[in-house]
Structures are given as structure tokens and as C-alpha cells.
Amino acid sequence: MLQTTFLKQGQLALRGVRAKIDLLTWRELAFVLVGGIALAGVGQLLGRTFHLAWPVPMSGSIAAALPRAFILLVILLRVDRFGALTVAGIAEVSTKLAAGFVGWWPMSLVVPLLAAVAGDVIWQYLRHLPSRRLSLILTGGSLCGARVLLALFFWTFLRLPVSQAGTHLALTLGCIVVINVVLGMVAGLLVSKSIKTVKSSK
């Protein structure tokens, strides 16, 4: 009798823990992993290529901001759970390591992970806004802004080399941050329009 009571209490506690953790299903996990792999490809093909043409700190983020934010927002809409972006960030970093796409390790490894965690926190607060479109637009801008600001922090903290930035480095970096935020907001607007189109077709 006592053993049965303890077993029932243990089962109830385990269910409570699972409910609080809210683990991803296998289908959601596969979707997030594919999104993370796509993020690695976007950063490599667009971001690094643009940075080679204009070797200024965080310049590559201009080319990668819009598609990156679009992918992240689609992940959030498809898998609306805390931790989805963190899993995508882990997949992105793992893909870079496996494919040998690692440059400066803080930018290639640390920044994507921290930005993913920040993205989960940002969405946790902005998802409850009355307007879904507004929440997507603000989240998109915040995701891009957080990532580029984290990269700027590490670039400054580690004193990494700066080349061909000209004499107005601070102004250039400020413009890069603003452009990232604007492109992220544009991505949010595009994703919100796609949702409206789907609803109207139904």
C-alpha cells in the first residue's frame, strides 16, 4: 500500500516536471534542427561573403540579417516554445564545427549561442503583445539587434583587428546596428503577412 502510494506520487511528480519543461516533439525538434542548419548556411554564404567584400566588423550581418531573422521567426511560429531558438543555435554552431566554418571563435560559436538564448527570452515577453504582427516585428528587430550587439561586445572586449573601417568607425558600426534592427523588423513584417495570407486562404 505504501509502495503504491509512493509510486503514484512519483508518477505525478514526473508528469509535473515534464509539463513544466514542455519538451519538443520529435517533429518539432527536426524542424528546429533544419532551421539551425539553414542559419549556418546563411551566415557562411551571405555573411562571410559580404564581409570579405567589406571587411568591417559585423558588416556581414547586413547580408545575413533578413534571411536569418525570417528563419528564426518561422521557427518561433512553428514551434512556439521556450528553448526552440536555443536548440536552433546549438544546431547552427554544430553545423559550423562539422563543416569547418569556424573563423573567429567568439563570433562563430559563442555569439550564436548567446543570441539564441537571448532570442528565447525576448520572444517569451513579446509573444504576449495584443497584436501578433507587432510582436513579430519587434521580435525580429530585437533578434537582429541582440546578435549584432553581442558580436560588437566581443569584438571590442577581445580587441580584434579592424581593417578598412575608415575614420568614422563608431558611426559605421552604429549604422550597421540600425540596419540590422530595421532588416529584422522587415522580416517580422514579411512573416506576419504570410500568416494573414494563410488565414485568408482558409
Side-chain angles (χ1 to χ4, degrees), residues 18-47 58 60-96 107-151 153 177-202:
R18 286 180 177 177
K20 289 181 179 179
I21 295 177
D22 198 17
L23 296 176
L24 302 178
T25 64
W26 287 110
R27 184 175 296 180
E28 291 172 339
L29 180 60
F31 186 84
V32 172
L33 291 178
V34 170
I37 295 172
L39 290 173
V42 166
Q44 178 67 19
L45 297 177
L46 299 179
M58 280 69 67
S61 62
I62 296 176
L66 181 59
R68 178 184 288 143
F70 190 89
I71 293 171
L72 291 173
L73 292 174
V74 170
I75 290 175
L76 288 176
L77 289 178
R78 176 65 178 80
V79 187
D80 190 5
R81 299 191 187 186
F82 185 83
L85 295 189
T86 301
V87 175
I90 294 173
E92 178 185 355
V93 170
S94 300
T95 302
K96 289 181 179 180
M107 308 303 165
S108 300
L109 305 180
V110 179
V111 169
L113 289 176
L114 292 180
V117 175
D120 276 322
V121 175
I122 290 169
W123 179 245
Q124 193 67 16
Y125 287 96
L126 294 180
R127 62 186 291 203
H128 299 296
L129 291 177
S131 171
R132 194 66 163 177
R133 171 175 290 185
L134 181 60
S135 65
L136 287 170
I137 292 174
L138 293 179
T139 300
S142 300
L143 291 176
C144 291
R147 181 156 180 153
V148 73
L149 287 175
L150 284 168
F153 168 78
V177 173
V178 172
I179 292 172
N180 268 267
V181 173
V182 171
L183 289 175
M185 296 175 73
V186 171
L189 181 61
L190 293 175
V191 174
S192 66
K193 285 186 176 181
S194 66
I195 294 176
K196 187 176 181 180
T197 302
V198 171
K199 287 183 178 179
S200 61
S201 63
K202 290 182 180 180

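The chain is numbered in sequence order, starting from 1.
- A distance of 12.0 Å separates CD of Glu28 from CD1 of Ile75, quoted to the nearest 0.5 Å.
- In plain terms, the two heavy atoms of Pro112 and Arg147 that are nearest each other are CG-NH2, 3.6 Å.
- Residues Phe153 and Val111 fail the side-chain proximity criterion, which asks for heavy atoms closer than 4.5 Å.
- Between the CG atom in Asn180 and the CZ atom in Arg68 there is a gap of 8.0 Å [rounded to 0.5 Å].
- Put simply, the side chain of Asp120 never gets that close to the backbone of Phe82: no donor and acceptor are under 3.5 Å apart.
- For the atom pair CG of Leu85 and CG of Leu143, the computed distance is 6.5 Å after rounding to the nearest 0.5 Å.
- Across all non-hydrogen atoms, the minimal contact from Arg127 to Gln124 is CG-O, 3.5 Å.
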Just do the side chain to side chain contact (heavy atoms under 4.5 Å, CB included) check on Tyr125 and Leu138 with the steps written out, would you?
CA-CA 11 Å; Tyr125 287 96; Leu138 293 179; over 6 Å; no

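- The distance from atom CZ of Arg132 to atom OG1 of Thr139, rounded to the nearest 0.5 Å, is 8.5 Å.
- What you find for Ile71 and Ala38 is that their closest heavy atoms are CD1-CB, 3.9 Å.
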Stepwise, does the side chain to side chain contact (heavy atoms under 4.5 Å, CB included) test hold for Leu190 with Val186?
CA-CA 6 Å; Leu190 293 175; Val186 171; 4.3 Å; yes

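- Heavy atoms only, all atoms of each residue included: Val93 and Ser108 are closest at CG2-O, 4.1 Å.
- Residues Leu76 and Leu136 have side chains not in contact (no heavy-atom distance under 4.5 Å, counting atoms from C-beta outward).
- Counting heavy atoms from C-beta outward, Val74 and Phe31 have side chains that approach closer than 4.5 Å.
- Rounded to the nearest 0.5 angstrom, Leu134 CG and Met185 CE are separated by 8.5 Å.
- The shortest heavy-atom contact between Leu126 and Ser135 is O-CB, 3.0 Å.
- Put simply, the side chain of Arg27 reaches to within 4.5 Å of the side chain of Arg78, judged on heavy atoms.
- Rounding to the nearest 0.5 angstrom, the gap separating the CG atom in Leu33 from the OG1 atom in Thr95 is 8.5 Å.
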Verify side chain to side chain contact (heavy atoms under 4.5 Å, CB included) between Leu73 and Leu77, making sure each step is shown before the conclusion.
CA-CA 6 Å; Leu73 292 174; Leu77 289 178; 5.6 Å; no

Does the side chain to side chain contact (heavy atoms under 4.5 Å, CB included) test come out yes or no for Val87 and Val79, once each step is laid out?
CA-CA 11 Å; Val87 175; Val79 187; over 6 Å; no

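- Inter-residue side-chain proximity for Leu183 and Cys144 is flagged as unmet; no heavy-atom pair is nearer than 4.5 Å.
- Looking at every heavy atom in both residues, Gly36 comes nearest to Ala91 through CA-CB, 3.9 Å.
- Residues Lys193 and Leu189 meet the side-chain proximity criterion, which asks for heavy atoms closer than 4.5 Å.
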